[in-house]
Amino acid sequence: MTLSQWRAWPSREALSREGVTRARRMLAWTVRVALLTILLWTAVEQRGVAEWAVALAPVVLLACGAAAWALFRTTLAHRLLPSLGLLAFLLAVAVLAQHVGFTAPATVLWCGCAVTALERMPLVAAVPATAASLTGFVLVNDDPWLTTVAVAIGLCLSGYVLRLDAEARGAAQRLLAQERAARVAETESAALAERSRIAREIHDVLAHSLSAQLVHLEAARLLIEGGADREQILDRVVAARGMARDGLAETRQALSALRGEMTPLEDFLRELVASSDGASLDVRGERRPMPVEASQTVRRVAQEALTNVRKHAPGAKTAMRLEYGPAEVALEIRDSGAPGPHGELTVSGGGYGLLGMRERAELMGGTLEAGPCEEGFVVKLRVPV
């Protein structure tokens with residue numbers, strides 16, 4: 001045992017009553033009341049004791065009770081000098097009780113001080129205090145020396161066992177407090193992550209649809225100011241309305257996803273491909289359930305990749321491949337890069353673009369690669385599942 005362990009106090013959790021069961025508290029109070037009753041009865045019935053000592057006994061007994069309560073408080077606060085002072089007061093009362101003839105109360109004080117010191121004080125102070133208490137007990141005890149030594153050793157073991165029990169209870173209380181704090185932190189972290197996920201989903205949907213609507217409405221305004229014919233203006237308004245309708249549908253889909261009410265990933269991709277001219281889908285591997293975040297990442301990347309194809313390579317053939325691997329899902333969107341004028345969404349800006357797709361993949365612990373290929377452009381996404 002190191003010097004620091006000898007100087008260490010039992011923890012406050014060990015010295016307090018926190019974590020003590022109701023049954024143990026009731027048992028402790030029953031023992032205290034019974035012991036107090038026995039001591040009072042012994043003091044009253046004691047023969048051969050001066051009358052003034054008998055009359056003064058209840059007062060001294062109450063003083064000892066107050067000192068014991070104060071000792072509990074000072075040891076709980078880890079105040080060594082006051083604790084030693086109170087222990088010395090109790091030992092002095094034991095000496096006085098033995099001197100006037102109160103042998104039984106004196107014996108209880110000797111033994112109680114020995115056990116309490118070992119249980120509630122640093123060992124560097126508890127060992128001398130216990131030694132002093134047991135010395136007084138041995139000197140006044142009339143039993144055979146072997147019995148006296150056995151009782152003294154038993155008291156030492158009892159005090160140390162109580163110390164170990166209190167330390168174990170204190171450690172359990174600290175672990176419980178740490179677990180509660182960890183649960184609170186985990187709940188707060190989960191709530192923050194959920195808020196971030198909701199904000200990211202809504203941002204992706206709104207940024208994707210509203211920017212396109214803005215372009216069409218701005219074009220309609222310019223056509224009106226330029227005196228264009230009704231059909232041109234109407235085309236732009238109808239396109240803006242279509243973007244709004246699609247954005248509303250995507251918003252509903254995102255909210256359903258946040259509630260866990262999503263269509264299967266393959267069905268979503270098939271619908272997405274069906275709405276894009278010249279696009280095809282190839283699904284490989286054994287289908288498996290995916291976390292919501294991973295599924296949403298695949299969906300958003302597929303949407304953004306097809307939007308980019310319509311913007312930058314209108315009319316190009318697009319091949320989409322979804323592959324389930326042992327520990328990840330891979331999505332590849334490859335277009336043929338067919339030449340042609342930019343589509344009407346060219347100036348609308350990506351919903352959140354390649355940078356947004358890459359950030360979304362990295363949040364899931366995945367990767368995203370995007371760049372030119374032999375014929376056109378390819379986007380490769382990998383997310384763990």
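Sequence positions, counted from 1, serve as the residue numbers for this chain. A quick note: this is a predicted structure, and the numbers were derived from the prediction, not measured. All values below come from the heavy atoms of this structure, side chains included, with hydrogens, waters and symmetry mates left out.
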Quiz prompt | Close side-chain approach of V237 to R241, heavy-atom, < 4.5 Å | solution = no
Exercise. Work out which heavy atom in A106 is nearest to a heavy atom in A94; give both atom names and the distance.
Key: CB-O, 3.4 Å
Self-check item: Exercise: identify the closest heavy-atom pair between R12 and A77
Solution: NH2-O, 3.4 Å
Quiz item: According to a 4.5 Å side-chain heavy-atom criterion applied to Ile, Leu, Val, Met, Phe, Trp and Tyr, with indirect links allowed, do L157 and L146 form part of one hydrophobic cluster?
Solution: yes
Quiz prompt | Interatomic spacing from CD in Q173 to CD in Q178 - rounded to 0.5 Å | solution = 11.5 Å
Quiz prompt | Positive for side-chain contact (heavy atoms from CB on, under 4.5 Å) with L87, one of T74, L71, T75 | solution = L71
Self-check item: Derivation and outcome, salt bridge (Lys or Arg N to Asp or Glu O under 4.0 Å), residues R334 and E332
Solution: CA-CA 6 Å; R334 185 184 300 267; E332 180 180 300; 3.1 Å; yes
Exercise. In sequence, state the C-alpha distance, the side-chain angles, and the governing distance for E266 and Y324, and then conclude on side-chain contact (heavy atoms from CB on, under 4.5 Å).
Key: CA-CA 11 Å; E266 295 88 344; Y324 290 98; 2.5 Å; yes
Quiz item: Can you hop from V161 to V151 via hydrophobic side chains spaced under 4.5 Å?
Solution: no
Quiz item: Where do R358 and L368 come nearest, in terms of heavy atoms and distance?
Solution: NE-O, 3.5 Å
Quiz item: Can you list the residues that meet the side-chain contact (heavy atoms from CB on, under 4.5 Å) rule with P384, with sequence neighbours excluded?
Solution: none
Quiz item: So, do R287 and P264 sit near enough that their side-chain heavy atoms are less than 4.5 Å apart?
Solution: yes
Exercise. List the steps and the verdict of side-chain contact (heavy atoms from CB on, under 4.5 Å) for F72 and R120.
Key: CA-CA 8 Å; F72 174 86; R120 302 185 63 86; 3.2 Å; yes
Quiz item: Any side-chain heavy-atom pair from W110 and L134 closer than 4.5 angstrom?
Solution: no
Quiz prompt | A294: partners by side-chain contact (heavy atoms from CB on, under 4.5 Å), with sequence neighbours left out | solution = M290, P291, M364, V383, V385
Self-check item: Validation row: L223, R236 side chains within 4.5 angstrom (heavy atoms)
Solution: yes
Practice problem: Kindly compute the distance separating CG (D165) from OH (Y160), expressed to the nearest 0.5 Å. | Solution: 13.0 Å
Self-check item: Nearest non-hydrogen partners of L80 and A125, listed with the distance
Solution: CD1-CB, 3.8 Å
Quiz prompt | Donor-acceptor contact below 3.5 Å, side chain T130 vs main chain A114 | solution = yes
Quiz item: Is it true that a side-chain atom of R163 and a backbone atom of L118 form a donor plus acceptor pair closer than 3.5 Å?
Solution: yes
Quiz item: So, does S280 use its side chain to make a donor-acceptor pair with the main chain of A319 at under 3.5 Å?
Solution: no
Quiz item: Is R221 salt-bridged to E225, going by a charged N under 4.0 Å from an acidic O?
Solution: yes
Quiz item: If you round to the nearest 0.5 Å, how far is CG of L162 from CZ of R169?
Solution: 9.5 Å
Quiz item: When rounded to the nearest 0.5 angstrom, what distance separates CG in L281 from CG in L272?
Solution: 9.5 Å
Quiz item: Are side-chain heavy atoms of I233 and R230 found at a separation under 4.5 Å?
Solution: no
Self-check item: Non-hydrogen side-chain atoms of Q303 and F268 separated by less than 4.5 Å
Solution: yes
Self-check item: Where R321 and R284 come nearest, the two heavy atoms and their spacing
Solution: NH1-NH1, 3.3 Å
Practice problem: Taking R300 for its side chain and S295 for its backbone only, find out whether a donor-acceptor pair lies under 3.5 Å. | Solution: no
Practice problem: State plainly whether the residues R382 and E328 are in salt-bridge range, i.e. N to O under 4.0 Å. | Solution: yes
Exercise. Kindly work out whether a path of hydrophobic side-chain contacts (I/L/V/M/F/W/Y, heavy atoms less than 4.5 Å apart) joins W9 to L84.
Key: yes
Practice problem: Say whether V59 and L90 are linked into one hydrophobic cluster, either directly or through other cluster members, by side-chain heavy-atom distances under 4.5 angstrom. | Solution: yes
Quiz item: Can you check whether K317 reaches D335 side chain to side chain, under 4.5 Å on heavy atoms?
Solution: no
Exercise. Treating Ile, Leu, Val, Met, Phe, Trp and Tyr as nodes and any side-chain heavy-atom pair under 4.5 angstrom as an edge, say whether L109 and W69 lie in one connected cluster.
Key: no
Self-check item: Donor-acceptor contact below 3.5 Å, side chain H312 vs main chain F377
Solution: no
Quiz prompt | P122 to R7 - nearest heavy-atom pair and separation | solution = CB-O, 3.6 Å
Exercise. List the steps, then state whether side-chain contact (heavy atoms from CB on, under 4.5 Å) holds for V378 with I333.
Key: CA-CA 6 Å; V378 62; I333 302 99; over 6 Å; no
Practice problem: Look at E179 together with R183 and state whether they make a salt bridge at an N to O cut-off of under 4.0 Å. | Solution: yes
Quiz item: Just wondering, do V329 and L322 contact through their side chains at under 4.5 Å, heavy atoms?
Solution: yes
Exercise. Using the side-chain contact (heavy atoms from CB on, under 4.5 Å) rule, pick out the option among M320, E323, K380 that qualifies with L331.
Key: M320
Self-check item: Short side-chain to backbone donor-acceptor contact, R288 and G325, under 3.5 Å
Solution: yes
